Amino acid sequence: MFSKILIANRGEIACRVMRSCRAMGIKTVAVYSEADVDARHVREADEAVAIGPAPAAQSYLAIERIVEACRQTDADAVHPGYGFLSENRAIAAALANAGVVFIGPTPEAIAAMGDKIESKKLARKAKVNVVPGHLGVIKNDKEAVKIAREIGYPVMIKASAGGGGKGMRVARSDDEVREGFRAASSEARSSFADDRVFIEAFIENPRHIEIQVLGDSHGNIIHLGERECSIQRRHQKVIEEAPSPFLDDKTRAAMGRQAVALAAAVGYQSAGTVEFIVDARKHFYFLEMNTRLQVEHPVTELVTGLDLVAQMIRIAAGEKLALKQKDVHTRGWAVEARVYAEDPERGFLPSTGRLVRYREPTAGGSVRIDSGVYEGADISMFYDPMIAKVIGHGADRREALHALGDALDAFLIRGVAHNTRFLSALLQHSRFVAGRLSTGFIAEEFPDGFHGGASDPAMLRLLHAVAAVVHHHHQEREAAISGRLHAPEPRAGSEWVVVQNGDKHAVTVAATAGGFAVLDGETSHELVSTWRIGDPLYQGTVNGRAVTVQVERRGVGYRLSHGGALVDLLVLSPRAAEFATLMPVKRPPDLSRFLLSPMPGLLASLAVTAGQEVKAGQELCVVEAMKMENLLRAERDGRVATLHAKPGDSLAVDQPILEFE
């Protein structure tokens, strides 16, 4: 067994690998860029080595620097995590030449299966179902259009070395192919140092279901069942679960057999994932094979009881698999949600900055948290914006979803925008609860984007009750302050008016033996909690049901968040509520003449000049952030008056890029 493992990665997955290493008594080495000097994975490792500047191409993708770090620390093995160099055969070969073990498949298997073009060719030979498409390298956008026409629209443009949703575009016309080819090639080049792309038919409304495989160096290969990964946005998985609510035993077994056959065709050694797309009739087609650990591996771990990282390490050390296929059994259900630093209400644009407050839900039992940050850490513009993964586990799907939903309610993040409310809204969506999923779910159910979770009347009354009790606590404390020049106004009873968007809701707060009762004329809520002023989480029971509500004091009002809903409330005395109706409403400034940067990032290019006439829909500029290129277009016809930024400038969110006449 290895004595020291270097993790050639960062963030959440680096911390995850270290956890298994510690359990196995193996020392760990972290590598870090200039942007990650204070990162959590650096703090948790036994040793740490600086490997270069912040851009990944000069640090985490620099093979020679990883190999040199191994030499400096005498590491005898490297775990690549996911992303970066995890599916690059060159690092496996370079490590082998240096006498260091690569914890993953052989360079030959990576070349055959990690390359999306070669893997499809091999799958056809292995008689695995494959999506129709063109598997040759495409030279330019003109050739891309020709191929797309031959296949028939819609088509999927994909990076050959891609993964994680990078370098992927759906195109439904010649123009979209041209634009998608350029964008996919550029993203692939910056993310994987390989700009090759290919094109295949895009199957409408498919499910994305993948099979986890394990193979050792002794010829043994098994599968560990499936993961349903259909909830995606821009081809990036958002929620994953095991098992799939769609598959029957017959289809599950057939997919497992094909996955094992494909892995056997390349003598696969290590953990890998064979991805399929599945149509409404349960016909499945090979999509690609990821020759690495998947982001969503925890759901498989929870339902099988296996540590996949430990399995990878043991396989790389030459051990035989301790399991045969007949020994693999799944129990219960697990659902994972990826928490990202992004703003769902601004088109899911990435968010950067410092985590000024960060409190993870309590892990253990039915909740698992995999993260790589801490309070005070920075979310950098240079890397993937994932903050953490939250996984709910239960005896069945309902229990797992309930555990995950409660955990998301209790996940406190301040300083950057994040998607926890969007995730909560997804979990409560009737179609998701019913298991009627597809990769187009988010686009279909949120066609205009996410603008806050739907607040049904029952949830709003619950939030009104919590706000009333919180305000009541504040008033009691203020009334108890001694030495005041003017005594507080005596209050007979505790009648309040909760104001939301100008609508008034009268409530009465009354003390009970265990807490407070809040009556609103229609319903009664009994709240029991140990909440104290200043605590951002109101945790307790409402009518006997456990509830967590995030509470933030904002001026004289409160912002409450629960179950995907976010509300701003005022709690006033009846008299103050009367006066509030007379207050003028401040109008926001008119910024319609400006093109504002929707996110922190780098201005990669400007497509217009001062004085130029532009038409609605015309490209204005490209802002690069989190390894993704974001194309900004004109919303209407106009003339550019002034340019406020130039290519290469770093942009803050809402910073003016240009101004129209």
Side-chain angles (χ1 to χ4, degrees), residues 10-16 39-41 81-83 164-165 229 231-234 236-241 294-299 302 334-363 366-381 383-393 400-429 432 442 446 450 452-453 536-537 548 550 561-566 599 625-626 628:
R10 63 177 301 280
E12 171 271 323
I13 188 57
C15 295
R16 165 68 189 92
R40 178 175 157 186
H41 76 282
Y82 54 72
C229 305
I231 303 301
Q232 303 179 6
R233 190 189 64 79
R234 292 183 66 179
Q236 179 80 43
K237 299 165 188 171
V238 177
I239 294 177
E240 308 97 350
E241 59 185 298
Q294 292 283 82
V295 176
E296 59 273 17
H297 74 274
V299 296
L302 287 171
V335 186
E336 173 184 286
R338 303 187 186 189
V339 178
Y340 285 106
E342 62 185 13
D343 192 344
E345 296 189 37
R346 300 185 66 164
F348 297 91
L349 294 171
S351 177
T352 61
R354 179 157 294 175
L355 294 169
V356 296
R357 295 206 71 175
Y358 181 80
R359 185 190 299 181
E360 294 178 352
T362 302
S366 59
V367 175
R368 168 174 164 176
I369 309 294
D370 283 12
S371 66
V373 297
Y374 55 88
E375 187 167 286
D378 289 320
I379 303 297
S380 169
M381 65 178 285
Y383 312 116
D384 187 89
M386 182 185 290
I387 296 174
K389 300 181 305 197
V390 185
I391 308 98
H393 184 221
L401 292 177
H402 182 74
L404 177 56
D406 285 349
L408 290 172
D409 281 341
F411 205 150
L412 180 69
I413 304 171
R414 298 289 185 270
V416 298
H418 56 87
N419 67 335
T420 58
R421 290 195 305 110
F422 174 65
L423 296 171
S424 294
L426 286 175
L427 297 182
Q428 296 183 58
H429 195 288
F432 180 87
I442 291 176
F446 299 89
F450 178 73
L537 297 180
T548 298
Q550 296 195 20
S561 176
H562 171 74
L566 179 74
M599 75 205 82
M626 303 291 188
M628 298 289 282

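These numbers come from a predicted model, not from an experiment. Just the heavy atoms: all of them, side chains too, but no hydrogens, waters or symmetry mates, feed the values below. Numbering starts at 1 and runs along the sequence shown.
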Results of side chain to side chain donor-acceptor pair (under 3.5 Å) for Ser424 - residues two or more places apart only: none
Going by heavy atoms in the side chains, are Glu336 and Ile391 under 4.5 Å from each other? yes
Hey, are the side chains of Glu241 and Val299 touching, using non-hydrogen atoms and a 4.5 Å cut-off? no
For Glu296, the side chain to side chain donor-acceptor pair (under 3.5 Å) test, sequence neighbours excluded, returns Lys237, Gln294, Arg338
Would you say that Leu423 contacts Leu404 through its side chain, given a criterion of any heavy-atom pair below 4.5 Å between the two side chains? no
Answer whether the closest heavy-atom distance between the side chains of Ile239 and Leu427 falls below 4.5 Å. yes
Could you pull out all residues at least two apart from Arg346 that satisfy side chain to side chain donor-acceptor pair (under 3.5 Å)? Asp654
List for me each residue that meets ring pair (Phe, Tyr, Trp, His ring centres under 6.0 Å) alongside Tyr358, sequence neighbours excluded, and say none if there are none. Phe411
On a heavy-atom basis, which atom in Ala341 and which in Ile379 lie closest, and how many Å separate them? CB-CG2, 3.8 Å
When rounded to the nearest 0.5 Å, the distance separating CZ of Phe348 from CZ of Phe422 is 3.5 Å
Out of Lys389, Glu360, Arg16, which one pairs with Ser371 under the side-chain hydrogen bond (donor to acceptor under 3.5 Å, both in side chains) rule? Glu360
Main-chain N/O of Ser380 paired to Asp378 side chain as donor or acceptor, under 3.5 Å: no
Check the pair Ile13, Val295 against side-chain contact (heavy atoms from CB on, under 4.5 Å), reporting the backbone distance first and the verdict last. CA-CA 8 Å; Ile13 188 57; Val295 176; over 6 Å; no
His297 side, atom NE2; Leu302 side, atom CG - distance, nearest 0.5 Å: 9.5 Å
Which atom pair, heavy atoms only, marks the closest approach of Ala407 to Pro361? O-CG, 3.0 Å
Distance from Ile387 atom CD1 to Thr420 atom OG1, nearest 0.5 Å? 8.5 Å
State, to 0.1 Å, how close Ala400 and Val335 come at their nearest heavy-atom pair, and which atoms those are. CB-CG2, 4.0 Å
Are Ile231 and Ile442 close enough that some pair of their side-chain heavy atoms sits under 4.5 Å apart? yes
Sequence-distant partners of Arg233, side chain to side chain donor-acceptor pair (under 3.5 Å), two or more places apart: Glu342
For the student: nearest non-hydrogen atoms of Gln236 and Tyr340, plus distance: NE2-OH, 3.1 Å
Distance (rounded to the nearest 0.5 Å) between Gln428 CD and Leu426 CG: 10.0 Å
Suppose we screen for side-chain contact (heavy atoms from CB on, under 4.5 Å). Which residues come up paired with Gln550, at least two apart in sequence or across chains? Leu412, Arg414, Leu537, Ser561
Closest non-hydrogen atoms of His41 and Ala14, given as atom of the first, atom of the second and distance, are CB-CB, 3.7 Å
Could you tell me whether the side chain of Ile413 reaches within less than 4.5 Å of the side chain of Leu355, counting heavy atoms only? yes
For Phe432 and Leu401, work out which heavy atoms get closest and say how close. CE2-CD2, 3.5 Å
Calculate, to the nearest 0.5 Å, the distance between atoms CD1 and OG1 belonging to Ile369 and Thr362 respectively. 9.0 Å
